[in-house]
Amino acid sequence: MKNIEINKYYKIICGAGNENLKEIEALAFVYASAGFNMIDVAAKNEVISAAKKGIELSCNPDKMLLCVSIGVQSDIHLSKAVINRQKCSSCKKCIEVCPQNAVFEEDNKIQIDERACIGCLKCQHNCPSDAIVVEHKYKSPCTMLLSVLSDDIDCVEFHCNSSDIEQILENWKQLKNIYSGRIGFCMDRSKLPDETIISLISQMVDNDENVIVQTDGKPMSGGTDDYKSNIQAVSFAELILSNNIHAKIVLSGGTNSKTSEFAKLCNVDIDGVAIGSFARKLVKDEISSPDFFENIELQNSAIEKARDLYNKINI
Ligand code: SF4
Ligand code: SF4
């Protein structure tokens with residue numbers, strides 16, 4: 001675990017279900033080089049190794065914290081899309097819309113690379129034949145955490161996007177019992193009434209100012225760069241702050257280059273920004289090239305874009 005003082009968190013989210021090792025290594029390399037100080041990856045040993053490899057290759061190897069994401073049973077971030085072949089008409093719409101390039105055609109069959117799928121369900125929403133189902137490969141949050149504890153991680157993020165309060169509190173208690181380091185949780189306001197969600201967050205924060213609360217405004221929204229997609233995340237942060245809950249507040253879900261500016265305009269005092277879809281899409285052309293790690297021009301181009309994003313959110 002790195003012993004780094006952090007004032008503001010600038011986090012690149014790789015996707016809690018993303019097991020595309022090459023992509024994760026490249027994202028870690030690019031965003032660590034650009035100044036981001038945290039990377040969020042799936043709680044899998046090989047994924048953690050890939051992220052560490054990318055961080056080591058960057059020009060800021062000692063500044064980036066490695067956070068693993070684990071979740072409750074219903075957490076969409078841990079879902080995988082599966083094709084029902086009997087219904088599939090091979091229209092290829094899913095190939096067009098997948099942000100992860102996880103869908104492809106082989107042997108005249110549409111296939112999904114499970115390791116690259118992040119469960120965003122864009123394919124399902126765009127399938128005209130209702131041929132895509134969701135599969136959840138559930139392991140309890142503690143089981144997931146215990147499997148990576150020896151990997152020298154710097155932070156844990158618990159995805160508790162669920163309406164089952166008892167389950168959330170039980171899981172949270174268990175996690176805090178086995179992990180004493182930096183820990184946070186990611187919550188979606190749409191799952192519960194405001195009063196309930198505030199009570200739940202108060203119990204979880206429990207006056208511990210080190211707990212990080214990630215306000216998941218518009219989960220996996222696709223990465224547009226506008227003010228509007230930040231509204232839910234900023235409004236959720238405002239709700240927490242106006243209820244005098246003292247925790248580190250990091251915005252996520254719909255976040256982009258305008259997030260910090262928008263929060264500032266709204267007088268919402270945040271402790272950081274976590275960016276997923278927008279940041280991944282920004283450098284997708286460069287990092288998906290097979291020779292990315294041998295091609296300095298591609299690397300510089302990706303780092304420049306990532307640094308520009310960092311400069312815009314670091315205000
Ligand atoms: S969008 Fe649906 S019907 Fe079309 S190829 Fe994909 S799974 Fe098959
Ligand atoms: S669109 Fe989303 S859910 Fe569907 S295969 Fe791609 S990453 Fe997975």
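Nothing fancy with the numbering, it's 1 onward along the sequence. Atoms within a ligand are numbered from 1 in the order they appear, just like the ligands themselves.
Aromatic ring pairs are classed by plane angle as parallel below 30°, tilted from 30° to 60° and perpendicular above 60°; the pair Phe158 and Trp172 is parallel. Using the six-membered ring where Trp is involved, Phe36 and Tyr10 have ring planes that are perpendicular, over 60° apart on the 30 and 60° scheme.
The distance cut-off of 2.8 Å around atom 4 (Fe) of ligand 2 captures these protein N, O or S atoms, sorted by chain and number: Cys123 SG.
Under a 3.5 Å cut-off, the side chain of Lys191 and the backbone N or O of Asp164 do not form any donor-acceptor pair. Under the 3.5 Å distance criterion, the side-chain polar atoms of Asn295 are left unmatched by any main-chain donor or acceptor of Asp291. Of the possible donor and acceptor atoms, one in the side chain of Lys8 sits under 3.5 Å from a partner among the backbone N and O of Ile270. In this structure, Lys312 contributes its side chain and Thr259 its backbone to no donor-acceptor pair below 3.5 Å.
Shown in contact with Ser89 at under 4.0 Å from a heavy atom are these atoms of ligand 1, numbered in order with element: 3 (S), 8 (Fe). In summary, the atoms of ligand 1 found under 4.0 Å from a heavy atom of Ser129, numbered by their order in the structure, are 3 (S). Near Ile110, meaning under 4.0 Å from any of its heavy atoms, are these atoms of ligand 1: 5 (S).
For the pair Glu157 and Ile212, the minimum side-chain heavy-atom distance is 4.5 Å or more. Residues Leu200 and Met187 form a side-chain contact, since some pair of their non-hydrogen atoms from C-beta on lies under 4.5 Å apart.
Given atom 5 (S) of ligand 1, the protein heavy atom at minimum distance is Lys92 N, 3.2 Å. When hydrogens are left out, the protein atom nearest atom 4 (Fe) of ligand 1 is Cys91 SG, 2.3 Å; that is the closest non-hydrogen contact. Protein heavy atom nearest atom 2 (Fe) of ligand 1, with residue, atom name and distance: Cys127 SG, 2.3 Å.
Each of Ile13, Val68, Leu66 was compared with Ile39 under the side-chain contact (heavy atoms from CB on, under 4.5 Å) criterion, and only Leu66 meets it.
The parts of Cys88 lying near ligand 1 are both backbone and side chain, judged by heavy-atom distances below 4.0 Å.
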